[in-house]
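Notes for the one structure printed next.
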Amino acid sequence: MSISIPEITLNDGFSLPVVGLGTYSLRGNAGANAIKQAIDIGYRLIDSAYNYENEGTVGEAIRRSSVPRDQLIITSKLPGRYHSYEKAVLAIQESLYRADLDHYDLYLIHWPNPKQDLYVEAWQALIDAQKWGLIRSIGVSNFLPDHLERLDKETGVMPSVNQIELHPFFNQEQQRKWHEENHIVTESWSPLARAKTIQENETIKKIAEQHNKSVSQIVLRWHYQLGAVSIPKSASPTRQLENISIFDFSLDENEMNMMAELTRPDGRMNNQDPAKYEEF
């Protein structure tokens, strides 16, 4: 029996499960089996990207699964080297061919790449691809408020989702508040930060002991209570099940405050500041 995961509604009426599966580095036969197994356990949101080079693996996992395609929400992301309009349209089509899908449920611009300054063109390509039926919901990843405001100003369309680095050591409070005020759902990449650092954190361990839960479950419950969608990556069936078994307890206000105090100004894992970082 699979676990049912609550959903959150986006500004375009589409809905996302509040926990999905990150697939970075899951490739080939082993990757397809790991993703299929997650779907069997109850995952319905599967996160991929053009640059992960595993869209084909995700497509194969879907074919191996007994869950109907229309019950799955498949995400991919546009790389920086294809931000110009024509290249973006071709890349979206190529993404679909790789996965052997006729549409993506959610498609994101992976990074704004502000030095290139082509992200508005890329966004227009996503808007049009949505009109053509190639994408159901369109969003972005790693965009700052000024990038988001520009998209809205120049196209009149605000993203449904912004997938950002978000974990206890970098909780993005101001960015999350901006998203909430502008009706954008926050999606957390690397929600468990570096696993070893998280597992050894005394504050989180203490909270986990009080609830008789794992450290990962405490962190993912924290994301859920912040209103963020998290996409933890795991190939282990035990961990996959653990990561979605977070709906039978809750953190109280004091525990949420304890978690909030773990954040730091330099909490980014790889110093990837979207105001400067370029990803191709």
Side-chain angles (χ1 to χ4, degrees), residues 22-25 47-54 75-89 91-92 95 106-127 138-155 157-198 223 226 228-233 260 262-280:
T23 67
Y24 180 77
S25 80
D47 182 84
S48 180
Y50 197 105
N51 273 354
Y52 297 172
E53 297 181 346
N54 70 349
T75 305
S76 197
K77 310 181 194 79
L78 179 77
R81 63 188 177 280
Y82 297 137
H83 274 196
S84 67
Y85 180 85
E86 296 296 341
K87 287 181 178 178
V89 169
I92 292 164
S95 271
L106 179 64
Y107 204 84
L108 314 176
I109 300 174
H110 209 150
W111 287 84
N113 284 26
K115 288 177 200 161
Q116 278 195 96
D117 196 26
L118 292 172
Y119 62 85
V120 177
E121 267 192 56
W123 184 239
Q124 189 60 57
L126 266 65
I127 292 169
I138 55 175
V140 294
S141 184
N142 303 299
F143 274 51
L144 298 172
D146 58 325
H147 303 140
L148 295 163
E149 284 174 344
R150 189 171 163 205
L151 293 183
D152 188 37
K153 183 182 175 187
E154 296 192 26
T155 69
V157 180
M158 192 67 98
S160 61
V161 165
N162 188 15
Q163 187 184 116
I164 57 174
E165 179 176 356
L166 202 170
H167 46 74
F169 307 131
F170 194 65
N171 72 24
Q172 297 262 38
E173 185 178 1
Q174 290 306 312
Q175 178 97 25
R176 285 189 289 107
K177 187 180 177 191
W178 196 96
H179 287 170
E180 196 174 333
E181 289 169 353
N182 290 276
H183 312 292
I184 295 172
V185 165
T186 300
E187 192 172 22
S188 315
W189 62 259
S190 287
L192 299 172
R194 290 192 179 90
K196 190 170 185 290
T197 313
I198 281 279
H223 283 275
L226 291 179
V229 172
S230 59
I231 43 170
K233 188 202 85 174
L262 298 174
T263 198
R264 352 182 250 264
D266 63 346
R268 290 188 195 280
M269 289 190 298
N270 297 310
N271 197 30
Q272 294 171 318
D273 180 354
K276 301 171 188 172
Y277 181 74
E278 302 275 306
E279 176 262 13
F280 295 98

Please tell me if the side chains of [X] and [Y] come closer than 4.5 Å, counting only heavy atoms from C-beta onward.
X: Trp178; Y: Leu148; result: yes
X: Leu108; Y: Leu78; result: no
X: Ser84; Y: Glu121; result: yes
X: Asp152; Y: Val157; result: no
X: His183; Y: Pro159; result: no
X: Ile138; Y: Trp123; result: yes
X: Ile109; Y: His147; result: no
X: Phe280; Y: Asn113; result: yes

Begin from the C-alpha positions of Phe143 and Gln175 and carry the test side chain to side chain contact (heavy atoms under 4.5 Å, CB included) through to its verdict. CA-CA 10 Å; Phe143 274 51; Gln175 178 97 25; 5.8 Å; no

Enter the distance from [X]:[atom1] to [Y]:[atom2] here, rounded to the nearest 0.5 Å.
X: Glu149; Y: Leu151; atom1: CD; atom2: CG; value: 10.0 Å
X: Leu106; Y: Leu126; atom1: CG; atom2: CG; value: 9.5 Å
X: Glu180; Y: Lys177; atom1: CD; atom2: NZ; value: 9.5 Å
X: Met158; Y: His179; atom1: CE; atom2: NE2; value: 9.0 Å

Hey, is CD on Glu278 packed in by over 12 heavy atoms from elsewhere, all under 6.0 Å?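 Yes - once you tally the heavy atoms of other residues, nucleotides and ligands closer than 6.0 Å, there are more than 12.
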
Are the side chain of [X] and the backbone N or O of [Y] linked by a donor-acceptor pair below 3.5 Å?
X: Asn270; Y: Gln272; value: no
X: Asn162; Y: Asn142; value: yes
X: Arg176; Y: Asn171; value: yes
X: Glu187; Y: Ser141; value: no
X: Gln116; Y: Gly80; value: yes
X: Asn182; Y: Ile184; value: no
X: Arg194; Y: Met269; value: yes

Checking Gln124 against Thr155 for the side chain to side chain contact (heavy atoms under 4.5 Å, CB included) test, could you report, in this order, the C-alpha distance in whole Å, the side-chain angles of both residues, the deciding distance, and whether it holds? CA-CA 7 Å; Gln124 189 60 57; Thr155 69; 3.8 Å; yes

When the ring planes of Phe169 and His167 are compared, do they come out parallel, tilted or perpendicular, using 30° and 60° as the limits?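 Rings of Phe169 and His167: perpendicular, over 60°.
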
Closest non-hydrogen atom pair between [X] and [Y], with its separation:
X: Ile92; Y: Ala125; value: CD1-O, 4.2 Å
X: Pro191; Y: Ser230; value: CB-CB, 3.9 Å
X: Ser188; Y: Ala228; value: OG-CB, 3.5 Å
X: Ser48; Y: Thr23; value: CA-OG1, 3.7 Å
X: Gln172; Y: Glu165; value: NE2-O, 2.9 Å
X: Asn54; Y: Ala49; value: OD1-O, 4.1 Å

Residues Tyr107 and Ser95: side-chain donor-acceptor under 3.5 angstrom: yes

Do Ser25 and Lys233 have side-chain atoms, one donor and one acceptor, less than 3.5 Å apart? yes

My understanding is that only residues two or more places apart in sequence, or in another chain, count here; which of them pass ring-ring contact (aromatic ring centres under 6.0 Å, His included) with Tyr277? Trp111

Measure from NZ or CZ of Arg81 to the centre of the six-membered ring of Tyr50, then state whether that distance is under 6.0 Å and the direction lies within 45° of the axis. no

Are the charged groups of Lys77 and Asp47 less than 4.0 angstrom apart, N to O? yes

May I ask you to say whether Asp146 pairs ionically with Lys153, meaning some side-chain N is under 4.0 Å from a carboxylate O? no

Residues Tyr119, His83; criterion ring pair (Phe, Tyr, Trp, His ring centres under 6.0 Å); working and verdict: CA-CA 6 Å; Tyr119 62 85; His83 274 196; 7.6 Å; no

Apply the test side-chain hydrogen bond (donor to acceptor under 3.5 Å, both in side chains) to residues Glu279 and Asn51: give CA-CA distance (whole Å), side-chain angles for both, the deciding distance (0.1 Å), then the verdict. CA-CA 10 Å; Glu279 176 262 13; Asn51 273 354; 2.7 Å; yes

Could you go step by step and tell me if Gln163 and Val229 meet the side chain to side chain contact (heavy atoms under 4.5 Å, CB included) rule? CA-CA 9 Å; Gln163 187 184 116; Val229 172; over 6 Å; no

